[in-house]
Structures are given as C-alpha cells and as structure tokens.
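So the structure is just underneath, and the comments pick up after that.
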There are 2 protein chains.
Amino acid sequence: MSGIERQTGVALWRQIADEIRAAIGNGDHDDTGRLPTEAVLAARFDVNRHTVRQALAALAREGVVETVQGRGTTIVPRRRVTYPISTRTRFSAGLGGQVAQAVTRLVGVSQESATPELAAQLRLAEGAPLLRLETLGEADGVPLSRAVHWFDAERFAGLPDAYRREGSITRALAACGVADYVRQSTEISAAPATASDRADLALQPGAVVLLTRSLNVDAQGHPIQASHSRFAADRVSLSVATEPGSSS
Amino acid sequence: MSGIERQTGVALWRQIADEIRAAIGNGDHDDTGRLPTEAVLAARFDVNRHTVRQALAALAREGVVETVQGRGTTIVPRRRVTYPISTRTRFSAGLGGQVAQAVTRLVGVSQESATPELAAQLRLAEGAPLLRLETLGEADGVPLSRAVHWFDAERFAGLPDAYRREGSITRALAACGVADYVRQSTEISAAPATASDRADLALQPGAVVLLTRSLNVDAQGHPIQASHSRFAADRVSLSVATEPGSSS
DNA sequence: AGTCATTTGTTCGTATGTATG
DNA sequence: CCATACATACGAACAAATGAC
C-alpha cells in the first residue's frame, strides 16, 4: 500500500510532497530529523527516483526541508501555535507566552445588510445594517488567521475609529461601552485553502485551513459579535478546555 | 484574479473542482442550487471549457453535483453533521436527532507501551502497558470518524470484552466500574487526508480531516482515556459551547 | 405540434507537462 | 542527457437535450 494514486489530477511528485509534509507535521520522524534517502523513498512510494527528487525539491522551495549533496535531506524545525477557545477567547491574549508578538491588523471595513443566518445570530432583523471588519492575525510577523467580524452597525457605529485608536477588538468594544464579553459558541470545520486563503495567509497550494464560526455575547447575554475565522492549519491548533468552571 | 495557478503539480481541473467544492461547502450559491454554465465558469477561471468539464465530471463522480445535458449543473444537497464538544462528549449521543443511526465499530484492539506524551496525559509511568482501541464512527452507514483510544491496560483489562458486549465505550467503561466520565480537554487541528484516512473514511484525494486529541477523566478527576480522532471534514463540523453552565 | 436560444456532450487535432528507464 | 508513453490543456467545430415561446 504505497498510498499515492495515479490519474487523480494531482501529480505524483506533489502527492509525495504532501505525504512527506503531513508526516513531518504529525511528528512521524526519528530524532535525527533526517529523511530517508531518495532511493528508499522511491521504493516506499513505488515511483522513480526522479519523481521523489521533484517532491523533495518542492518541499525545499517551501522551506520545509533542506537537502545537501552527500548528506541527505533534513527537516527544518517548525512549531505550531495553540490557540485556546474558551469563554474568554481573545486573539492576542490567547497566544501570550507562545510568541514574542501577537497582533491583529484591520485590513478592511465595510457595511452590509444582515443575511438570515447573521440576523438570527445577532438577534437583528433580516437585512439590518451590519458593520463588517476584516482582520489579519499575525504572530511574530507570520500570518496565522484571517477573520470577518460582524457587529450591529447602529449600536457600534464608532467601532472602526475605536479599533484604529486602540488596535484590538476587545479595547475597541470597551470604548463603545462593552466592558466585557464572552464567547458563547464556536463551530469548527476544515477545508482546503482557497486561492484567497493562500494569498492572505501565505500558504502553499494543497494547504488546509481551520474554519471557526463563533458568537460573542455581552455581560447581559445579548449577542454583539459574530465572526468567521480562517486559521492556517499547519501553523495553528485550537485547544478546547471543557471544565465546568472554565468561565473564571 | 482567477485564483488557480498553472505548473503547481496540481492539474487545473482539480484546482477548479476544489474551488467549486469549497464554494458549495461555504454556501456560496444562489437559491436555485444551480451552478453557472460551463462557458461562464471557463471564463471565470480563464481556462478552456474542456477543463471546466473535467472538473465538473470529477465533482459529479464524487456526488457533489449533477449534470444534465441541456439543463446545466445542479448542486446535490448535502448536510454536514455537527458534533458537539462539551464535558459530556459522547459519539452516538451527540449526533442524536441529526441522523437515524449512529454507531461506533471496534476495528482493532492491541496493547502497546505508553509514549512520554500519553504517559503524562494518563498519569502513568513512561512505557506502562496501554490498551489501544481503534474505532470507526458511522452515521447511517456513512463513515464519519476514525479514532484511537488509549486506556491503562491494568485498570481496564476487561474493556475489549465489555465493548464487544455493550457496543459503546461509555457502556463498556460503566461495566468496568467507571459510572461517569467527563471530557477535560480537546485540541483541534486539521490536515490533508492521508492515504489511510482516504481508505477508512471513503474520502476523495484532496480531502481534509479534522483532528482532535482529547482526554477524558472520571468523576474523581483521574484521567482514564486519551483519544486521537480523525473526522471527515466535509461531513462533520465540531461545535463548542463555551457557556459557564454547559456541564449539565 | 414546431422554432429558437441556451446548455451540455462528443470528436477531431495540437502542444505541453508528467513519469519512466 | 535522451526517448517513450500517457495525462493535461487548448481550440474549433458539431451533435443532442432542454425549456420557453
């Protein structure tokens, strides 16, 4: 069972590159961080050595591995940031300690009318005006997530200006009179990265994104913010603590 | 910005198929459930109509769309099962109401020694004997998830037999003296489906899996079960409720 | 019924990419 | 490096089915 298939529209060298990248991501390698030789890989995947070389060349271009003549191919170490999901979910604070600098940048502000789904979530009339903020989450200069946030445009008219002043949604909401809010629900799925994901998050073709749809409510339990986030799955994992007292 | 790229090792028709599949998954289509004509899609992606046809043919083979001569291509309605993650996470019960029949099948039992990570999670000595159960979760005959569960082999020696009698981990644990348990933590990530994922979950090449690593503890807070699960991302989404009183 | 525009299905040929040995 | 076999992509036709008039 070599695992790769022909005539699937994906070139063998790319399938092999994807398998090796996934294996590296799962930590399936010995302590040396050394990949098997090209001849061994060619035998394992049941392809010609040329094909393995093409796969390794692609991974080297991505920066996943490094190949040196006479020495072999070694894995370039990389780590995955864990993003906690709890009642207190906030982007920058959640990454604290794992990275030197976590920032969210505002990349777009617009107004649109509520779809049925968003209206129901935010308890507004269908078609009600919504404020739409697009943000890019980065850690140490590496893009981690792209998100779209929707707010009641009437209640939060001053939010974009506040965001530009304060530099975070939490502080911008505080400036708009929301002293506190909690994450009520999060729905998580995953999908292949789209072309715009690849552009915004600097991903390779074949990469995967983690998708979340979440709702934040204020202290009175009234919904204030609906969000759709897209995380680079090879750089982020989500952590859910399900302890009864997790609200503290 | 057509979004697709040439010479990436992924055939254009497959990139287009992936884009269309993702768009359908995101609900980006009008109410008619009708796809644009081949000519329109060819113009949008800036490719020949043949190439679009190849992409649509692949999606039709997957069952995502249906094409009729003279009429066009329509989306085959499909829904995604939502799997709730909470302190009370149980496979079959969580899907109740969404599907007619949810079952977990035991597909493998073996014994192995604890890795450092598993030993720390289960509070056992490194190398301690572990019971390893592999299960396949299905809903209405469609495979949804594949999971590996680890238990202390000494404490739960009778578990495999109990599972075969009872047909569920929850009831098997009850038979082993664990009247109740709760989900303590869940870590979620995503990755391209591996070859064995595709085989076990009947996935197409290019499919994506949602990965969870979780820990269950008994009423005294002592860890009893560590699990690694792999969900078919196009058939399952995970739902996290983060309400303070969600333990009920 | 028939006509028409629209849309998918099929068949040529040609050029380039992929994979092997 | 080469030669060979097959997959991929394009272009230009024409055939066949659909739905509306």
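Labels below follow one simple rule: chain letters A, B, ... track the order of the sequence lines, proteins then strands, and each chain is numbered from 1.
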Any side-chain donor-acceptor pair under 3.5 Å between B:W150 and B:Q121?
-> no
Would B:T135 and B:H149 count as having a side-chain donor-acceptor pair, cut-off 3.5 Å?
-> yes
When the nearest nucleotide of DNA chain D is assigned to A:T8 and to A:H50 on a heavy-atom basis, which residue is associated with the more 5' position?
-> A:H50
B:T67 side chain: which of C:dG9, C:dG21, D:dC10 is closest?
-> C:dG9
Do A:T194 and A:S196 have side-chain atoms, one donor and one acceptor, less than 3.5 Å apart?
-> yes
Pair A:E134 + A:R132: basic N to acidic O under 4.0 Å | yes
Side-chain atoms of B:T73 come closest, of D:dT8, C:dT8, C:dT18, to C:dT8
In whole angstrom, what separates A:R14's CZ from C:dG17's C1'?
-> 14 Å
Which part of the nucleic acid, if any, lies within contact of A:R6, taking any heavy atom under 4.0 Å across all strands shown: a base, the sugar-phosphate backbone alone, or nothing?
-> sugar-phosphate
Among C:dT8, C:dA19, D:dT8, find the nucleotide with the atom closest to the side chain of B:W13.
-> D:dT8
How long is the line joining CZ of B:R49 and P of D:dA15, in whole Å?
-> 15 Å
Expressed in angstrom and rounded to an integer, what is the separation of B:R53 atom CZ from D:dT8 atom P?
-> 16 Å
Check the pair A:S239, B:E187 against side-chain hydrogen bond (donor to acceptor under 3.5 Å, both in side chains), reporting the backbone distance first and the verdict last.
-> CA-CA 4 Å; A:S239 164; B:E187 188 172 317; 5.3 Å; no
Compute the bend angle of the helix from C:dG2-D:dC21 to C:dG21-D:dC2 from the end axes (five pairs per end), rounded to 10°.
-> 30°
Distance, rounded to the nearest Å, where B:E38 contributes CD and C:dT7 contributes C1' = 7 Å
May I have the distance from B:Q54 (atom CD) to D:dC10 (atom P), rounded to whole angstrom?
-> 10 Å
Candidates D:dT18, D:dT8, C:dT10 - which lies nearest the side chain of B:R71 | D:dT18
Just checking, is any N or O donor in the side chain of B:T73 or B:T67 under 3.5 Å from an acceptor N or O on the other one?
-> yes
Does a side-chain N or O from B:T37 land closer than 4.0 Å to OP1 or OP2 of C:dT6, or not?
-> no
Roughly how many Å is it from CG in B:N48 to P in C:dT16, rounded to a whole number?
-> 16 Å
Grab the CG-P distance between B:L59 and C:dT8 for me, whole Å please.
-> 14 Å
Nearest-Å distance, CD (B:Q69) to C1' (D:dA16)?
-> 4 Å
Would you tell me whether A:T51 and A:N48 have side-chain atoms, one donor and one acceptor, within less than 3.5 Å of each other?
-> no
